[in-house]
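In what follows, chains carry the letters A, B, and so on, assigned in the order in which the sequence lines appear, proteins first and then strands, with residues in each chain numbered from 1. Everything quoted here is computed from the prediction, not taken from an experiment.
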There are 2 protein chains.
Amino acid sequence: MLSKITEVQSALEVPEEIAGLRMTRQRQEIYRILIEERNHPTANEVFMKAKDRLPNLSLATVYNCLDALVQHGIIRQVNFERESSRYCPNLREHGHFHDAETGVIHDVDFKPGANLTDVLNLPQGAVIEDVEITLRGKISNLQ
Amino acid sequence: MLSKITEVQSALEVPEEIAGLRMTRQRQEIYRILIEERNHPTANEVFMKAKDRLPNLSLATVYNCLDALVQHGIIRQVNFERESSRYCPNLREHGHFHDAETGVIHDVDFKPGANLTDVLNLPQGAVIEDVEITLRGKISNLQ
DNA sequence: ACTGGAATTGGAATAATTCTTGATCTCATT
DNA sequence: AATGAGATCAAGAATTATTCCAATTCCAGT
């Protein structure tokens, strides 16, 4: 069990409020886990990790918190096929490369100045509000 | 409403076997629905449609058939966020634009010669095996 | 027609997520 | 410090999409 002081100190890394969302202990802890790990955990994985520090935490609360963070644009929800949703604190517009061999998910940035309309024939008048790009494959060591 | 003759003719368009998959009545019917409608139905929507012709059809069979078709590369499974999977007989490599206002899903083709690596910074050595591009937005009529 | 393997069916089971409800916390105001 | 309103949390029930399972049924090759 952690001391009150340790808990408060780590909590201080995250501000009291972000984007108008009150950062409660639970939300802070969950956000901190996403920031520190950066490995696109599922709600359940976040739950496991967070229980160390918040023993009374419930899975429902993890879902609530993750959803609140997503709604306020503080983190992003990422879906791979029909698997559990994963969560990501990287707010840059980016895609994901899922290494099928290791299971590791790499963030994939857009090249500077690149535009999706360079490669896609969008329908006439299409206004994009959200982009989800998911690649699956493997990382080859061969040169 | 289609005439019997049209129905039979359209059914005949589907061969006995595709890509090594035995085309049973159920698989034929399900495939035909995907081909004719081309509106990215869910398994349940396919089930509803197919029941007209195959009254004993079960939802489990629809899932089985769709999966068999997907496994044999005859159709593709498409996922939007956490919604039900949808199915698509368009085998060209393509993405999807989801019109949030009408719910319509448009296929989005790649521009000829375009390559994803033109716009994305992939991890070193990444070999792409599968691409899923999903855009969400609206269609504006304004010029 | 017979037979073995594949396919189908219907219902039960599963897994992820959401909902519900009551308890608890927070914060502004007194 | 007490109060009250509203937000948040916890626990478990409910929901939803999908998969599993066991018992038929179907079909291609003999």
### Task
Please check if the side chain of Glu36(B) supplies one atom and the backbone of Ile33(B) the other of a donor-acceptor pair under 3.5 Å.
no
### Message
So Asn56(A), base contact, sugar-phosphate only, or nothing? Heavy-atom distance under 4.0 Å.
### Response
sugar-phosphate
### Query
Counting any heavy atom closer than 4.0 Å, what does Thr42(A) reach on the DNA or RNA strands: base, sugar-phosphate only, or nothing?
nothing
### Query
Given atom CZ of Arg27(B) and atom P of dA6(C), what is their separation to the nearest angstrom?
11 Å
### Task
For Leu59(B) and dA13(C), give me the distance from atom CG to atom P, rounded to whole Å.
18 Å
### Query
At under 4.0 Å between heavy atoms, what does Thr61(B) touch on the DNA or RNA strands: base, sugar-phosphate, or nothing?
base
### Query
Rounded to whole angstroms, how far apart are CG on Leu21(B) and P on dG5(C)?
19 Å
#### Entry: Shortest side-chain distance from Ser58(B), nucleotide among dC9(D), dG10(C), dT18(D)
dG10(C)
### Message
Mind checking if Gln26(A) touches a base, just sugar-phosphate, or nothing, with heavy atoms under 4.0 Å?
### Response
sugar-phosphate
### Task
Nearest whole angstrom, please: distance from the P of dC21(D) to the CG of Asn64(B).
13 Å
### Ring-face cation contact, Phe47(A) with Lys49(A), 6.0 Å cut, 45° max
no
### Task
Would you mind reading off the distance between Arg25(A) atom CZ and dA7(D) atom C1', rounded to a whole angstrom?
17 Å
### Task
Ignoring backbone atoms, test whether Tyr63(B) places a side-chain nitrogen or oxygen under 4.0 Å from the OP1 or OP2 oxygen of dT18(D).
yes
### Query
How about His40(A) and Asp107(A): does a side-chain donor come under 3.5 Å of a side-chain acceptor?
yes
### Query
Counting just side-chain N and O atoms, does Ser84(A) come under 4.0 Å of either OP1 or OP2 of dA16(C)?
yes
### Spacing of Glu81(A) atom CD relative to dA17(D) atom C1', expressed in whole Å
16 Å
### Query
What's the CG-P distance between Asp67(B) and dT18(D), to the nearest Å?
11 Å
### Message
Judged by each residue's nearest nucleotide on DNA chain D, which is more toward the 5′ side, Thr24(B) or Thr24(A)?
### Response
Thr24(A)
### Task
Write down the distance between NZ (Lys51(A)) and P (dA10(D)), rounded to a whole number of angstrom.
12 Å
### Task
Check whether any side-chain N or O of Arg82(B) sits under 4.0 Å from OP1 or OP2 of dA16(C), and answer yes or no.
no
### Task
Report yes if at least one side-chain N or O of Arg22(B) is closer than 4.0 Å to OP1 or OP2 of dC27(D); otherwise report no.
no
### Query
With no hydrogens and no angle check, is any side-chain donor or acceptor of Asp99(B) less than 3.5 Å from a backbone partner on Thr102(B)?
yes
### Query
Are His96(A) and His94(A) linked by a side-chain donor-acceptor pair shorter than 3.5 Å?
yes
